[in-house]
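Take a look at the structure below.
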Amino acid sequence: MLILENFIADLFQALAKYKDQFPSLKLILSVGGRNRTHELSEMAETQAGIVKFAASVAAKLRGWGLDGLDVYWNWEASAFRSDEILLPVLLKVQCKNKRDP
């Protein structure tokens, strides 16, 4: 997994060099997906999971020179859970708290 993460970091850092040439270029980290929804639900079950995820996201956004986060999270309408509503709010707060002053 570390090899893949290093590859992704190198890729984003290489792409970030184009931001000087193309100022409107935005680089976004995308997580989740159709087959990864269960992992997001597991992470969001506790505030500690959300805090850990937010800290990781904030570090990657900052370290890799990224502009934002896209969360692809599918869930069944009949399986409504409060974490699906609270995650974006808590994630925003936690990422804001993790930014450099």
Side-chain angles (χ1 to χ4, degrees):
M1 187 69 165
L2 185 59
I3 294 171
L4 178 60
E5 188 167 322
N6 289 339
F7 171 76
I8 293 168
D10 291 345
L11 178 63
F12 275 124
Q13 288 170 351
L15 289 171
K17 294 177 184 177
Y18 287 101
K19 291 175 84 171
D20 290 335
Q21 188 176 357
F22 304 99
S24 63
L25 177 66
K26 301 295 181 200
L27 298 175
I28 307 294
L29 177 64
S30 183
V31 298
R34 184 175 184 170
N35 297 323
R36 297 287 200 199
T37 296
H38 67 284
E39 293 173 5
L40 290 171
S41 293
E42 289 172 12
M43 172 274 301
E45 285 180 354
T46 65
Q47 187 167 352
I50 294 170
V51 169
K52 182 178 177 181
F53 178 72
S56 175
V57 166
K60 285 174 178 40
L61 294 179
R62 192 173 41 252
W64 295 350
L66 303 179
D67 299 296
L69 173 69
D70 169 57
V71 179
Y72 184 138
W73 190 353
N74 286 339
W75 67 86
E76 297 290 327
S78 62
F80 175 79
R81 292 179 19 188
S82 62
D83 59 357
E84 291 149 354
I85 299 297
L86 293 176
L87 176 65
V89 174
L90 292 172
L91 187 57
K92 184 176 180 179
V93 168
Q94 292 300 325
C95 282
K96 186 176 182 180
N97 291 342
K98 298 294 180 188
R99 285 189 201 141
D100 290 336

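We're numbering straight along the sequence, starting at 1.
Not counting sequence neighbours, D10 has no partner by the side chain to side chain donor-acceptor pair (under 3.5 Å) test. Considering only residues two or more places apart in sequence or on other chains, D20 meets the side chain to side chain donor-acceptor pair (under 3.5 Å) condition with none of them. Under the rule for a side chain to side chain donor-acceptor pair (under 3.5 Å), K52 has no partner lying at least two apart in sequence or in another chain.
In this structure, the separation between CD on Q13 and CG on L66 is 9.0 Å, given to the nearest 0.5 Å. The line from CZ of F53 to CD of E39 is 10.5 Å long, rounded to the nearest 0.5 Å.
Of all heavy-atom pairs spanning W64 and A9, the tightest one is NE1-CB, 3.0 Å. Here the closest non-hydrogen pair linking K26 and P23 is NZ-O, 4.4 Å.
Hydrophobic clustering of Ile, Leu, Val, Met, Phe, Trp and Tyr side chains at less than 4.5 Å, counting indirect connections, keeps Y72 apart from F12. F22 and I28 fall into different hydrophobic clusters, where Ile, Leu, Val, Met, Phe, Trp and Tyr side chains are chained together by heavy-atom contacts under 4.5 Å.
Between V31 and L69 there is a side-chain heavy-atom pair separated by less than 4.5 Å.
Distance alone, capped at 3.5 Å, is enough to place a donor-acceptor pair between the D67 side chain and the L27 backbone.
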